[in-house]
Amino acid sequence: GPLWTEHLAESLGMTLSAEDQYAVAGARSDSGNLNVYFGLAVLANTGLQSQVGAYLAESGPGGVDPDALHTVWIGPNDIFTTLALGGNMNVTVYQAVQNTAQAVAALASNGARHILVANLPDLGLTPFGLAQHPAVSAGLSQLTDAYNGALNQALDSRFQFGVFHR
C-alpha cells in the first residue's frame, strides 16, 4: 500500500514523484543500514546522512527547493540495531538524535524552509514491542519517550526559528 509520505502528499494536495523519495528500508540515522547485518550488503551506505548527501548533490549549487516540504523520520533502526547486536542504548539514542539534527541543519543550510521532523512512534506498541515480555515493551515505550524528548530538545536548541517539529 501507499507509504505515509504518499498519504501526506495526497492530504496536502501535493504531487509526490518517485525521484522525490530518498528513503531506504532499514536506514539508520548515520550512513548505515540495519539490513546489512542480515545479508543485504547492497544497502550499505544508504542511511540518512547518505540520503541527505545524495539529495543535496542532486540539487546542485543553487540548493534545494525552498518551497518544498522536506520530511525526516528516522531512528527506530538505530535502536533495533543496538537491540540486535548489543551496545549502549544511551549512546545510540544520543548519536541518532545528533545525526538527525545534523541532517536537518544540512537541509536548512541548503535552502530548505519547510522541514517536518517526525517523532518516533511508541516502539513498545509496535508488533515487535507487543511480542516482547511486558517489561520489555514498557522499556521500549520509555525509550521512545526519551528519544523524542532528546530529539525535540536538540532541534529546539539548534533551530529557534522556522523549523517545525513535534
Side-chain angles (χ1 to χ4, degrees), residues 1-9 16-60 64-65 68-110 112 115-132 136-137 139-155 158 163 165:
L3 300 173
W4 74 273
T5 51
E6 294 165 327
H7 288 292
L8 178 63
L16 182 67
S17 59
E19 62 267 8
D20 292 332
Q21 299 190 46
Y22 288 78
V24 177
R28 295 190 329 237
S29 66
D30 56 11
S31 295
N33 190 298
L34 171 64
N35 291 312
V36 170
Y37 299 106
F38 301 103
L40 296 173
V42 68
L43 294 177
N45 298 313
T46 59
L48 177 63
Q49 302 307 313
S50 298
Q51 293 170 26
V52 170
Y55 173 62
L56 295 177
E58 289 177 19
S59 297
V64 303
D65 179 354
L69 174 60
H70 298 82
T71 60
V72 178
W73 190 6
I74 198 79
N77 293 321
D78 296 74
I79 291 169
F80 292 141
T81 298
T82 299
L83 288 173
L85 303 177
N88 185 320
M89 191 60 77
N90 291 330
V91 171
T92 296
V93 168
Y94 175 80
Q95 288 175 335
V97 165
Q98 295 307 309
N99 289 340
T100 303
Q102 178 182 341
V104 172
L107 290 169
S109 68
N110 280 276
I115 305 172
L116 183 149
V117 181
N119 280 326
L120 295 188
D122 186 337
L123 298 178
L125 298 178
T126 63
F128 172 81
L130 293 173
Q132 306 306 309
V136 173
S137 180
L140 287 170
S141 292
Q142 290 176 337
L143 180 62
T144 301
D145 289 343
Y147 181 98
N148 289 339
L151 178 61
N152 289 332
Q153 184 177 16
L155 293 175
R158 285 190 185 207
V163 175
H165 58 92

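Reckoned from all heavy atoms, side chains included, excluding hydrogens, waters and symmetry mates.
Rounding to the nearest 0.5 Å gives a distance of 8.0 Å between OG1 of T144 and CG of L125. Atom CD1 of residue I79 and atom CG of residue L34 lie 11.5 Å apart, to the nearest 0.5 angstrom. Atom OH of residue Y22 and atom CG of residue L56 lie 9.0 Å apart, to the nearest 0.5 angstrom. The structure places CD of Q49 at 7.5 Å from CG of D30, a figure rounded to the nearest 0.5 Å. One distance of note links CG of N77 with CZ of R28; it measures 8.5 Å at 0.5 Å rounding. Considering CG of N110 and OH of Y55, their distance stands at 9.0 Å, rounded to 0.5 Å.
Inspection of the Y147 and Q142 side chains reveals no N or O donor paired with an N or O acceptor under 3.5 Å. Looking at S141 and D122, their side chains do bring a donor and an acceptor atom within 3.5 Å of each other. D78 and S29 share a side-chain donor-acceptor pair at under 3.5 Å.
A heavy-atom distance below 4.5 Å is not found between the side chains of V52 and Q102. Contact check for L48 versus N99: no side-chain heavy atoms found under the 4.5 Å cut-off. No side-chain heavy atom of L40 sits under 4.5 Å from any side-chain heavy atom of N33. Side-chain atoms of V97 and L155, non-hydrogen and from C-beta on, never get closer than 4.5 Å to each other. Within the 4.5 Å cutoff, side-chain heavy atoms of L16 are placed close to those of Q21.
With hydrogens and angles ignored, the 3.5 Å screen pairs no side-chain donor or acceptor of Q95 with any backbone N or O of T92. In this structure, the side chain of S137 engages the main chain of G124 through a donor-acceptor pair within 3.5 Å. Under the 3.5 Å distance criterion, the side-chain polar atoms of D20 are matched with a main-chain donor or acceptor of S17.
The nearest pair of heavy atoms linking Y37 to T81 is CE1-CG2, 3.8 Å.
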